[in-house]
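Here is the structure we will look at, set down as structure tokens.
All values reported here derive from a predicted model rather than from experimental measurement. All chains are named by letter (A, B, ...) in the order of the sequence lines, taking the proteins before the strands, and each is independently numbered beginning at 1.
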There are 2 protein chains.
Amino acid sequence: MAKLQKSIDKKNALIKATIELVNNNGFHATPMSKIAKMANVSPATIYLYFENKQDLVNQTYIEVKAAYTKYAFATYNKNMSIEDGFKLIWKRIADFKLKECENAMFLAQCDNTPMIDEPSRKEGIKHLQPLLDLWSRGKNEGVIKPLSDYLLYAYSINPLSFLMITQKRGDFQLNKTHLEEAYQSAWNSIKVHS
Amino acid sequence: MAKLQKSIDKKNALIKATIELVNNNGFHATPMSKIAKMANVSPATIYLYFENKQDLVNQTYIEVKAAYTKYAFATYNKNMSIEDGFKLIWKRIADFKLKECENAMFLAQCDNTPMIDEPSRKEGIKHLQPLLDLWSRGKNEGVIKPLSDYLLYAYSINPLSFLMITQKRGDFQLNKTHLEEAYQSAWNSIKVHS
DNA sequence: TAAAAAAGAATGAACATTCATTTTTTTATA
DNA sequence: TATAAAAAAATGAATGTTCATTCTTTTTTA
């Protein structure tokens with residue numbers, strides 16, 4: 001196997017281990033030694049790929065955030081109508097949060113704690129730009145309510161995070177009907193009613 | 001001062017310090033020694049009031065959750081109409097999350113991490129019962145959509161958590177109009193449209 | 001003056017990070 | 001192509017620090 005590929009594999013194994021262990025135990029209760037063990041690597045090796053523990057978790061966050069938004073926007077293009085575009089993105093986000101639950105849980109934990117440093121958090125936010133652009137276009141066309149992006153996000157996207165967590169905890173089992181319902185609620189909250 | 005009162009004061013000081021330090025640094029980065037210092041107490045004294053660090057954070061969680069729901073339901077009574085009752089509770093929750101931001105941040109962090117142990121989390125959920133009862137009544141009367149409580153919560157209450165966090169981070173400044181708007185969005189998402 | 005509460009210092013374990021070696025890979029040479 | 005020297009990557013063990021918790025002594029309260 002090529003040298004580069006092997007490096008990438010090792011880095012990915014470390015990132016994967018970090019996600020799983022931090023999800024289950026929290027940042028404070030996952031020692032580097034355990035991350036190393038789960039990735040089949042010596043603790044010292046981690047420091048060939050990452051500066052320190054903080055850097056490891058920052059990079060993991062950015063990596064996962066990038067994968068998340070890549071998935072969310074994969075089939076979207078700017079020529080779609082506002083409604084179609086939003087529906088597509090919303091459903092892809094829902095998909096990701098439910099299928100790639102481990103990753104989504106990790107993001108939720110990062111977004112609600114001081115685990116990640118501020119620059120990395122800022123970096124992560126940038127990835128959401130296409131959705132903000134869609135909203136901006138929608139507002140101009142009078143299709144989307146003229147509200148702050150934060151409000152639009154709170155009404156339409158954020159509820160998915162809560163559902164994902166309850167789902168993961170086994171409190172509640174989401175099905176297709178729920179999801180369709182949730183989408184309608186989201187769209188209804190942000191669209192201009194004619 | 002009476003002995004009992006003094007004990008309570010000390011315990012409260014410890015809880016307050018825990019909230020502030022955990023909010024700013026996360027559970028993993030707040031040593032008992034710092035909590036003790038902030039509460040003007042010896043580290044050893046913490047162990048007169050709490051079994052260990054986990055117990056301290058569990059109790060803090062339950063305490064804050066209780067204060068939160070006490071505030072939320074303070075002026076509510078079961079004879080109100082569904083709509084009035086919901087409006088009242090929603091607005092009190094919003095109030096709490098924005099005014100008692102430190103406390104709300106702490107709850108958000110607990111609810112999105114494995115910081116708290118499962119029994120304490122379960123204990124915390126119980127406090128929300130009056131809202132669930134209101135919804136149950138509303139569903140019976142055909143005023144509230146016949147959806148799982150988790151969905152109702154996701155649509156109507158959860159967006160407030162996100163807004164509180166962006167507010168706290170200084171990303172976005174909520175005003176009265178936003179709040180009224182947000183309430184309408186919440187009610188619209190859960191009420192039966194006639 | 002006895003009991004309870006609190007304190008500060010001590011203890012020992014856990015952990016992030018580094019160090020000295022070893023193993024693997026690459027490069028240069030025949 | 002085969003071999004050996006050099007470089008790079010990886011390792012396990014060591015280091016020094018931090019921290020939760022406990023122990024012994026002192027202070028406060030009854």
Side-chain angles (χ1 to χ4, degrees), chain A residues 1-61 106 109-110 113-117 120, chain B residues 1-61 106 109-110 113-117 120:
Chain A
M1 204 184 325
K3 171 192 129 183
L4 181 65
Q5 185 54 49
K6 228 174 140 184
S7 275
I8 292 175
D9 286 350
K10 215 160 264 187
K11 207 174 167 185
N12 284 341
L14 284 166
I15 285 179
K16 191 155 180 283
T18 302
I19 294 167
E20 181 166 342
L21 289 167
V22 169
N23 272 352
N24 290 322
N25 313 311
F27 183 63
H28 74 287
T30 60
M32 295 297 256
S33 56
K34 268 195 196 162
I35 295 174
K37 193 166 286 176
M38 181 170 274
N40 282 313
V41 138
S42 156
T45 304
I46 300 181
Y47 293 85
L48 299 175
Y49 295 88
F50 303 94
E51 246 175 71
N52 50 39
K53 196 179 179 185
Q54 185 63 56
D55 182 48
L56 167 59
V57 81
N58 285 341
Q59 284 202 44
T60 301
Y61 174 72
F106 181 78
Q109 190 168 167
C110 292
T113 64
M115 199 169 107
I116 296 302
D117 65 20
S120 302
Chain B
M1 202 184 330
K3 170 191 129 186
L4 181 66
Q5 185 54 48
K6 227 174 140 184
S7 274
I8 293 175
D9 286 350
K10 216 161 261 187
K11 205 174 170 187
N12 284 340
L14 284 166
I15 285 179
K16 191 154 180 284
T18 302
I19 294 168
E20 180 166 343
L21 289 168
V22 168
N23 272 352
N24 289 324
N25 313 311
F27 182 62
H28 74 286
T30 60
M32 295 295 259
S33 56
K34 269 195 195 162
I35 296 174
K37 193 166 287 175
M38 182 170 274
N40 283 313
V41 137
S42 157
T45 304
I46 300 182
Y47 293 85
L48 300 175
Y49 295 89
F50 303 94
E51 245 174 71
N52 50 39
K53 196 179 179 186
Q54 186 62 55
D55 182 47
L56 166 60
V57 80
N58 285 342
Q59 285 202 43
T60 301
Y61 174 71
F106 182 77
Q109 189 168 167
C110 291
T113 64
M115 200 170 106
I116 296 302
D117 65 21
S120 302

Does dA10(D) have OP1 or OP2 under 4.0 Å away from a side-chain N or O of Lys10(A)?
yes
Rounding to an integer number of Å, can you tell me how far Lys37(B) NZ sits from dA7(C) P?
13 Å
Would you mind reporting whether Ser7(A) and Lys10(A) have side-chain heavy atoms less than 4.5 Å apart?
no
Just N and O in the side chain of Tyr49(B): are any of them under 4.0 Å from OP1 or OP2 of dA6(C)?
yes
Counting side-chain heavy atoms from CB outward, which of dT17(C), dT22(D), dT11(D) is closest to Tyr47(A)?
dT17(C)
Whole angstroms only, please: what is the CG-P distance between Asp55(B) and dA20(D)?
15 Å
Starting at atom NZ of Lys53(A), determine the distance to atom C1' of dC15(C), rounded to an integer number of angstrom.
8 Å
Check whether more than 12 heavy atoms from other residues, nucleotides or ligands sit under 6.0 Å from atom NZ of Lys53(B), and answer yes or no.
yes
Distance check: side-chain N/O of Ser42(B) vs OP1/OP2 of dA6(C), anything under 4.0 Å?
no
Heavy atoms of Gly26(B) and Pro114(A) approach each other most closely as N-CG, 3.4 Å
Under 4.0 Å, counting only non-hydrogen atoms across every strand here, what does Phe50(A) touch: a base, just sugar-phosphate, or nothing?
nothing
Looking at the side chain of Thr45(A), which of dA20(D), dC19(C), dA10(D) is the nearest nucleotide?
dA10(D)
Of the candidate nucleotides dT17(C), dA6(C), dA20(D), which contains the atom at the shortest distance from the side chain of Leu48(B)?
dA6(C)
Counting only Watson-Crick or G-U wobble pairs whose two distances fall under 3.5 Å, which nucleotide matches dT17(C)?
dA14(D)
Select base, sugar-phosphate, or nothing to describe what Lys34(B) touches, counting heavy atoms under 4.0 Å on all strands.
nothing
Tell me which nucleotide among dA7(C), dT21(D), dT11(D) gets nearest to the side chain of Val41(A).
dT11(D)
Against the side chain of Ala44(B), the closest entry in dC23(D), dA20(D), dT17(C) is dC23(D)
Do we see a donor-acceptor contact under 3.5 Å between the side chains of Asn24(A) and Glu20(A)?
no
Ile35(B): which of Leu56(B), Val41(B), Val22(B) passes side chain to side chain contact (heavy atoms under 4.5 Å, CB included):
Leu56(B)
Rounded to the nearest angstrom, tell me the gap between atom CG in Asn52(A) and atom P in dA16(C).
11 Å
Nearest-angstrom distance from the residue atom CD1 of Ile46(B) to P of dT21(D)
9 Å
Rounded to whole Å, the CG-P distance (Leu21(A) to dA16(C)) equals 11 Å
Strictly below 4.0 Å: does Ser33(A) bring a side-chain N or O up to OP1 or OP2 of dC15(C)?
no
In this structure, how many angstroms lie between the P atom of dA9(D) and the CG atom of Asp9(A), rounded?
15 Å
Nearest-angstrom distance from the residue atom CE of Met32(B) to C1' of dA9(C)
17 Å
